[in-house]
A.B. asks: 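If you scroll down you'll find the structure; I have some questions about it.
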Amino acid sequence: MAEKNVRLEVMEQLEPKVQGFIDQYLIPVDKIWQPTDFLPDSQANDFYDQVTEIRELAKELPYDFWVVLVGDTVTEEALPTYESWLMDVEGINQQDGGTAWSKWVRYWTGEENRHGDVLNKYLYLSGRVNMREVERTTQYLINDGFDIGTDRDPYKNFVYTSFQELATYVSHNRVAKLARQYGNKSLAKMCKIISGDEMRHYNAYSTFVNEIFQIDPSNMMIAFKDMMKHKIVMPAMFLRETGQEKASSFDEFSNAAQRIGVYTGHDYVDIMRRLIKRWNIGEISGLTDEAQKARDFVMKLPDRMDRINQRIKISDEVTHFNWVNPAMTK
């Protein structure tokens with residue numbers, strides 16, 4: 001039987017469980033938070049006072065912080081790319097009324113959509129960034145798309161989403177802690193609750209992978225190895241500003257995130273270790289010879305990458321972004 005058909009059969013076998021995953025890991029619209037819960041109420045008499053408070057607190061945040069916050073916002077706002085990619089994965093199938101899997105993707109997208117919405121409004125009200133340049137960068141990122149090395153393979157895509165949801169949890173959680181250190185409690189609450197969503201989504205996608213390991217352990221192990229071998233690329237891999245070539249801003253954005261400790265090479269390795277533990281990789285049995293070799297590779301990889309990270313020097317040079325005016329930040 002062709003390998004592709006095995007994957008389709010596994011997706012179909014898991015489909016009856018998907019509604020249960022939606023109920024367990026996603027929150028109904030009438031119960032979940034909305035962006036306006038964390039922003040000034042435009043109908044309130046003290047709306048302008050609330051905006052003034054946001055602008056005053058925003059003055060305390062340093063330059064690299066703003067670069068990271070803008071990059072995180074743009075990443076979240078490129079959501080149309082991620083939804084369209086997932087809808088094209090083998091076994092999702094949104095045609096003829098869709099399936100439970102396509103319902104999952106729509107509901108997940110609905111939750112994710114709130115993240116870019118709330119962050120974008122905060123940036124606008126803060127008065128610290130050039131919103132037109134931010135908006136252009138977002139449009140460029142959506143236009144440029146991305147290639148995460150998964151093709152239409154559900155196994156690889158669920159490894160990717162497991163990794164990325166955990167990475168975005170780490171990033172938003174760290175931004176929340178930094179905002180609180182600078183006395184910006186409202187932004188801290190905003191980023192903290194976003195990180196909570198990302199953790200729920202990580203728990204969901206990592207559960208999907210765990211379920212596949214129970215049914216098709218060898219092919220799932222090989223898919224995990226392939227994703228780790230080629231390295232997980234970030235959703236904002238093609239980040240750029242006006243007049244720049246595709247992907248020309250990502251390294252500088254990544255350096256800013258590492259300088260302030262929001263997301264580092266050590267976090268990447270830590271996420272690998274957490275996934276290995278989450279899926280109990282060392283104890284999975286019934287593997288083919290190829291899958292056993294894949295398991296051996298995955299188990300040794302974190303230590304190898306740790307040694308590489310120790311040799312990497314992050315630049316201390318602060319790069320100027322059109323998004324952020326240095327005169328407007330500390």
Side-chain angles (χ1 to χ4, degrees), residues 35-36 38-40 42 47-82 112-146 168 171-172 174-176 178-179 181-184 186-188 190-191 194 234-260 262-263 315-330:
T36 48
F38 296 90
L39 296 164
S42 61
F47 171 70
Y48 294 108
D49 293 335
Q50 294 179 54
V51 173
T52 298
E53 182 180 10
I54 283 180
R55 293 171 69 88
E56 288 301 312
L57 289 171
K59 292 178 182 178
E60 300 301 313
L61 301 170
Y63 188 83
D64 273 346
F65 183 95
W66 285 108
V67 170
V68 170
L69 190 61
V70 169
D72 284 352
T73 302
V74 171
T75 301
E76 295 286 357
E77 294 232 284
L79 182 62
T81 300
Y82 319 142
E112 287 283 338
N113 185 66
R114 293 144 46 257
H115 301 168
D117 193 3
V118 71
L119 292 173
N120 181 290
K121 288 184 172 72
Y122 173 82
L123 291 179
Y124 177 77
L125 293 174
S126 75
R128 299 287 100 184
V129 302
N130 183 330
M131 286 305 299
R132 183 170 178 78
E133 288 299 329
V134 173
E135 290 158 358
R136 282 177 167 177
T137 292
T138 300
Q139 188 169 355
Y140 276 130
L141 188 57
I142 294 172
N143 287 355
D144 292 340
F146 70 169
T168 50
S171 178
H172 287 301
R174 296 262 178 80
V175 169
L178 285 172
Q181 289 174 17
Y182 284 99
N184 198 322
S186 59
L187 178 59
M190 193 183 302
C191 295
I194 291 173
M234 299 298 110
M237 60 185 291
F238 290 152
L239 200 68
R240 61 167 160 148
E241 293 188 292
T242 302
Q244 294 182 336
E245 296 296 322
K246 185 167 66 175
S248 56
S249 295
F250 180 77
D251 286 345
E252 289 79 7
F253 161 66
S254 179
N255 286 341
Q258 296 204 65
R259 279 195 296 268
I260 62 175
V262 165
Y263 185 77
S315 173
D316 293 327
E317 182 179 351
V318 176
T319 302
H320 173 67
F321 286 85
N322 294 332
W323 311 324
V324 187
N325 181 353
M328 300 290 287
T329 62
K330 295 182 71 175

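Side chains are part of it too, since the values below use all heavy atoms of this structure and drop only hydrogens, waters and symmetry mates.
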A.B. asks: To the nearest 0.5 Å, how far apart are CD in Glu135 and CG in Asn130?
C.D. replies: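 That separation rounds to 8.5 Å.
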A.B. asks: What are the two closest non-hydrogen atoms of Leu125 and Pro40, and how far apart are they?
C.D. replies: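 Where Leu125 meets Pro40 most closely, the heavy atoms are CD1-CD, 3.7 Å.
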A.B. asks: Can you name the nearest heavy-atom pair linking Pro235 to Tyr82, along with the distance?
C.D. replies: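 It is CB-OH, 3.4 Å.
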A.B. asks: Tell me the closest heavy-atom pair linking Gly183 and Leu57, and the distance in Å.
C.D. replies: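 Taking every non-hydrogen atom into account, O-CD2, 3.7 Å.
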A.B. asks: Check Thr73, Thr36, Leu39 against Lys121 for a side-chain contact (heavy atoms from CB on, under 4.5 Å) and give me the one that passes.
C.D. replies: Leu39
A.B. asks: Quick one: list whatever passes salt bridge (charged side-chain N to carboxylate O under 4.0 Å, His left out) with Glu133, sequence neighbours left out.
C.D. replies: Arg136
A.B. asks: Are the charged groups of Asp144 and Lys246 less than 4.0 angstrom apart, N to O?
C.D. replies: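 No salt bridge links Asp144 with Lys246.
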A.B. asks: Just verifying a value: how many Å separate Asn143 CG and Thr138 OG1, rounded to the nearest 0.5 Å?
C.D. replies: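 If we round to the nearest 0.5 Å, Asn143:CG and Thr138:OG1 are 10.5 Å apart.
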A.B. asks: Let me confirm one number: the CD-CG distance from Glu112 to Asp117, rounded to the nearest 0.5 Å.
C.D. replies: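 That separation rounds to 13.0 Å.
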A.B. asks: Met234 and Tyr263: side chain to side chain contact (heavy atoms under 4.5 Å, CB included), yes or no, with the steps?
C.D. replies: CA-CA 11 Å; Met234 299 298 110; Tyr263 185 77; 4.1 Å; yes
A.B. asks: Has Tyr124 got more than 12 heavy atoms of other residues, nucleotides or ligands less than 6.0 Å from its OH?
C.D. replies: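 Atom OH in Tyr124 is not crowded, with 12 or fewer foreign heavy atoms closer than 6.0 Å.
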A.B. asks: Could you pull out the closest heavy-atom pair between Ile54 and Ser126, with the gap in Å?
C.D. replies: CG2-CA, 3.9 Å
A.B. asks: Where do Ala188 and Ala179 come nearest, in terms of heavy atoms and distance?
C.D. replies: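 Ala188 and Ala179 have their closest heavy atoms at N-CB, 3.9 Å.
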A.B. asks: Do Leu119 and Phe38 come close enough that some side-chain heavy atom pair is under 4.5 Å?
C.D. replies: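 SC-SC contact between Leu119 and Phe38 ruled out.
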A.B. asks: Does some side-chain heavy atom of Thr81 sit less than 4.5 Å from a side-chain heavy atom of Leu141?
C.D. replies: no
A.B. asks: Between Thr242 and Asn322, is any side-chain donor less than 3.5 angstrom from a side-chain acceptor?
C.D. replies: no
A.B. asks: Would you give the length of the straight line joining atom CD of Glu60 to atom CD of Gln181, rounded to the nearest 0.5 angstrom?
C.D. replies: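 So the CD of Glu60 and the CD of Gln181 are separated by 13.5 Å.
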A.B. asks: Taking atom CG of Asp72 and atom OG of Ser171, what is their separation to the nearest 0.5 Å?
C.D. replies: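 Separation between the atoms: 4.0 Å.
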A.B. asks: Is the ring pair Trp323/Phe253 parallel, tilted or perpendicular, if the boundaries are 30 and 60 degrees?
C.D. replies: perpendicular
A.B. asks: Assess the residue pair Leu178 and Val262 against the criterion (side chain to side chain contact (heavy atoms under 4.5 Å, CB included)); give the C-alpha distance rounded to whole Å, side-chain angles, the decisive distance to 0.1 Å, and a yes or no.
C.D. replies: CA-CA 9 Å; Leu178 285 172; Val262 165; 3.8 Å; yes
A.B. asks: Can a donor-acceptor pair be found, under 3.5 Å and without considering hydrogens, that links the side chain of Ser254 to the backbone of Asp251?
C.D. replies: no
A.B. asks: Within the supplied structure, the quantity of interest is the number of heavy atoms (other residues, nucleotides, ligands) at a distance under 6.0 Å from Tyr48 OH; does it exceed 12?
C.D. replies: no
A.B. asks: Tell me which one of Arg132, Glu241, Gln244, Arg240 satisfies side-chain contact (heavy atoms from CB on, under 4.5 Å) with Thr137.
C.D. replies: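 Exactly one pass, corresponding to Glu241.
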A.B. asks: Assert yes or no for the condition that the ring centre distance of Phe238 to Tyr140 is strictly below 6.0 Å.
C.D. replies: no
A.B. asks: Answer whether the closest heavy-atom distance between the side chains of Met131 and Asn120 falls below 4.5 Å.
C.D. replies: yes
A.B. asks: Taking the side chain as every heavy atom from C-beta outward, state whether Leu69 and Val175 have any pair of such atoms under 4.5 Å apart.
C.D. replies: yes
A.B. asks: So, for Ala58 and Arg128, which heavy atoms are closest and what is the spacing to 0.1 Å?
C.D. replies: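 Closest heavy-atom pair between Ala58 and Arg128: CB-CG, 3.6 Å.
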A.B. asks: Quick check: do Val51 and Arg55 have side-chain heavy atoms less than 4.5 Å from each other?
C.D. replies: yes
A.B. asks: Are Phe65 and Asn184 side-chain neighbours, meaning at least one heavy-atom pair lies under 4.5 Å?
C.D. replies: no
A.B. asks: Could you give the distance from CG (Asp49) to CD (Glu53), rounded to the nearest 0.5 Å?
C.D. replies: 9.0 Å
A.B. asks: With ring-ring contact (aromatic ring centres under 6.0 Å, His included) as the test, would you mind laying out the steps for Tyr63 and Phe321 before giving the verdict?
C.D. replies: CA-CA 10 Å; Tyr63 188 83; Phe321 286 85; 7.3 Å; no
A.B. asks: Just do the side chain to side chain contact (heavy atoms under 4.5 Å, CB included) check on Leu61 and Leu187 with the steps written out, would you?
C.D. replies: CA-CA 11 Å; Leu61 301 170; Leu187 178 59; 4.0 Å; yes
